[in-house]
Amino acid sequence: MKLKLHINNVIKDAFIKAGIAHEPMSVSEATKAEFGDFQFNGAMALSKKLGKNPREIAGNIIESLDLSGIISKAEIAGPGFINLWINPLWIAEQCQAAVSDKRLNIAKTETPSRVVVDYSGPNMAKQMHVGHLRSTIIGDTLANVLTFLGDEVIRQNHIGDWGTQFGMLIAYLEEIGEDGSVSLKDLEQFYKDAKGRFDADAAFADKAREYVVKIQSGDRHCLELWQKFIDISLGHCEDIYEKLGVKLTREDVRAESFYNEDLSKVVEDLAANGTLQESDGAQCVFLEGDEVPVIVQKRDGGYLYATTDLAALRYRAQTLQAKRISYVVDARQAGHFKQVFRVAKESGFVAEDVQLEHVGFGTMMDKSGKPFKTRDGGTVKLIDLLDEAVVKAKEAIKNKEDYTSEEIDALAKIIGIGAVKYADLSINRESNYIFNWDKMLSFEGNTSLYMQYAYARIQSIFRKYDGDIKGEIIIGDALEHRLAVMLLRFEDVLTRAAKDTSPNQITAYLYDLVTLFMRFYEQNPILRADVDEKTKMSRLQLADLTAKTIKQGLSLLGIQVVNKL
RNA sequence: GCACUCAUAGCUCAGCUGGAUAGAGCAUCGGUUUGCGGUACCGAAGGUCUCAGGUUCGAAUCCUGAUGGGUGUACCA
């Protein structure tokens, strides 16, 4: 239900009827309940253009407003605000349509766009650490939401599988032989051991260097070892994706190595364009206004990060035919992407109408506001963080005696992982945030457990009530009205969150929704004996729609719900 | 040095296209229960939105400057 669009259309009609030859600005949600459901602030802005006072303009608009359909009441307030009330009968009708529809009456877009979402991008030489969390779950959420809204989404996992360090790792893998997969369980350790050999043994180091050259020139034996290493390493990542409920698969992997053969072409084509310049022996693109150039080829002939990204951009725009390409990468790389995007467009690798965006995000901090590290200063492995979340979630489950130990394990997994994800996704993407277990696993405030609790509570209503649900939704009091309007806003929120790539708009909405439901439920009994049948049916359906909206919302964030907790 | 970015309640955070008295949660103080899951709900208190100018009918939001943090800055990814 595109709620705002409907209301905007009513305003637009009023503009035409009133003979105002301007495009009206969009309505916005009312800032307070007593101001109605929505407000239109465009009269003030028109005041100067029309040479009239804003209240008079607002009056003209209201006179021309159709109050027989979606909007039932309109009032002028203050300097020229128009407060709008939505017709309760219409709201009820729309909620009814939503509750009986699998997609909650949210249509897929009629103009789907092909979107590449680049996210996660772990390095195969190392284990995933907490720094990969945000990219992985923000990117996955974006992909989920866009898919749900009807776009054609291509997920791309640009894993780091190429470069000099791999020679060392492969040489070591060969040296320790068949049981390499065992040692590889701990990639950090494997990396350290390989590095130890590299530093201590000159023959080993020579072999490692030799392997780098061999891999890149396509030596079969070395490539086999390399492939084995990548498979094992990627397997670790997939364990984490599985735990996180992230939908990345092997099909989505387009590794750095995938673009290997394109790299020389990128440089050639830039040279042919005349955009390339040599500087200190390196091949560079100098952008107007930028101090540092984009280096695409080193003095020694090697290629760089930017070269691979240019190749990937071209592949995504030309071969995959994407119209929007979103990179979910740490905010610190803003400068890099700004430059690479410019080169891609200016060189014609990517057409002008393709939207390139760097979806940057802030850093995870510890309690003291410093980057999140282990006690001894190392990076925190993502797997350890997730395992700890499950352990802590177990402690948070109250009536443990009601469950078998298998049930508790399953619950703890959903709740623990969900809590970590929700806490992260509920923070404004661009800001740094302080990681806090207690807050994350609290039932209070905008947390996953508050959502889960509300959801479980609603499910409990339906466990108690085993009759049929029939009849209509009737909007009774003001709280029901507000709850119903809130439910209808879901699509607008998703659309906006997708446009801005900000998952926290979804969590903020869910929190508002749940808070409103809790208030509604406190005040409006459903199953109590003194509630008449019609009211009971109506409220049951509102509760049902609330639960379905929570479930759908969390599902887009990649978080499961539980019926009991 | 230059560039980017951030600064909102004691703490952790919201605040979308500029709109009405800047909102939540925690912590503090107080209230609600013959209970549909109290891990809930209601209320009080808490703010010169870092500072100074400017634009505007209207600025936490836009512009300029200052101060204080963070980040990036030529052959790593």
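Chain letters run A, B, ... following the sequence lines, proteins first, then strands; residues in each count from 1.
Salt-bridge annotation for A:Lys534 and A:Asp532: absent, with no side-chain N of the basic residue lying under 4.0 Å from a carboxylate O of the acidic one.
A gap of 16 Å separates the P atoms of B:A27 and B:C42, to the nearest Å.
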Measure all distances between protein nitrogen or oxygen atoms and nitrogen or oxygen atoms of nucleotides 10-14 of chain B, and list the pairs falling under 3.5 Å.
| unit_1 | atom_1 | unit_2 | atom_2 | d |
| --- | --- | --- | --- | --- |
| B:U12 | O2' | A:Lys439 | NZ | 2.2 |
| B:C13 | OP1 | A:Ile434 | N | 2.9 |
| B:A14 | OP1 | A:Asn428 | N | 2.7 |
| B:A14 | OP1 | A:Ser431 | OG | 3.2 |

Between N or O atoms, less than 3.5 Å apart, protein on one side and nucleotides 38-42 of chain B on the other: list the pairs.
| unit_1 | atom_1 | unit_2 | atom_2 | d |
| --- | --- | --- | --- | --- |
| B:G38 | OP2 | A:Arg457 | NH2 | 3.0 |
| B:U39 | OP1 | A:Lys398 | NZ | 3.2 |
| B:U39 | OP2 | A:Lys398 | NZ | 3.0 |
| B:U39 | O4 | A:Lys398 | N | 3.3 |
| B:A40 | OP1 | A:Phe443 | O | 3.3 |
| B:A40 | O2' | A:Arg457 | NH1 | 3.3 |
| B:A40 | O2' | A:Glu522 | OE1 | 3.4 |
| B:C41 | OP1 | A:Tyr450 | OH | 2.4 |
| B:C41 | O4' | A:Glu522 | OE1 | 3.4 |
| B:C42 | OP1 | A:Arg519 | NE | 2.9 |

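Among B:U17, B:A20, B:G25, the nucleotide with an atom closest to any side-chain atom of A:Gln39 is B:A20. Among the nucleotides B:G37, B:A74, B:U17, the one closest to any side-chain atom of A:Cys284 is B:A74. The listed nucleotides are B:C36, B:G1, B:G72; the one nearest the side chain of A:Glu291 is B:G1. Comparing atom distances between the A:Ala456 side chain and each of B:G37, B:A74, B:A20 picks out B:G37 as nearest.
A:Ala312 approaches A:His158 most closely through the heavy-atom pair CB-CE1, 4.2 Å.
A donor atom on one side chain and an acceptor atom on the other are not found under 3.5 Å apart for A:Tyr259 and A:Asp309. Judged purely by distance below 3.5 Å, without hydrogens or angles, the side chains of A:Tyr521 and A:Arg457 never pair a donor atom with an acceptor atom. Side-chain polar atoms of A:Tyr305 and A:Gln333 form a donor-acceptor pair below 3.5 angstrom.
In this structure, B:A44 forms a base pair with B:U28, meeting either the Watson-Crick or the G-U wobble geometry with both donor-acceptor distances under 3.5 Å. Searching all strands for a Watson-Crick or G-U wobble partner of B:C36 with both distances below 3.5 Å returns nothing. Under the Watson-Crick or G-U wobble criterion, with both distances below 3.5 Å, B:G53 is paired with B:C63.
Contact check, A:Lys48 against B:C57: a side-chain N or O comes under 4.0 Å of OP1 or OP2.
Taking the centre and axis of the six-membered ring of A:Tyr191, the NZ or CZ atom of A:Lys126 falls inside the cone set by 45° and 6.0 Å.
If you look at A:Phe517 and A:Phe520, their ring centroids are closer than 6.0 Å.
For RNA chain B, the residues of residues 526-546 of chain A within the heavy-atom distance limit of 4.0 Å (strictly under) are A:Ile526, A:Leu527, sorted by number.
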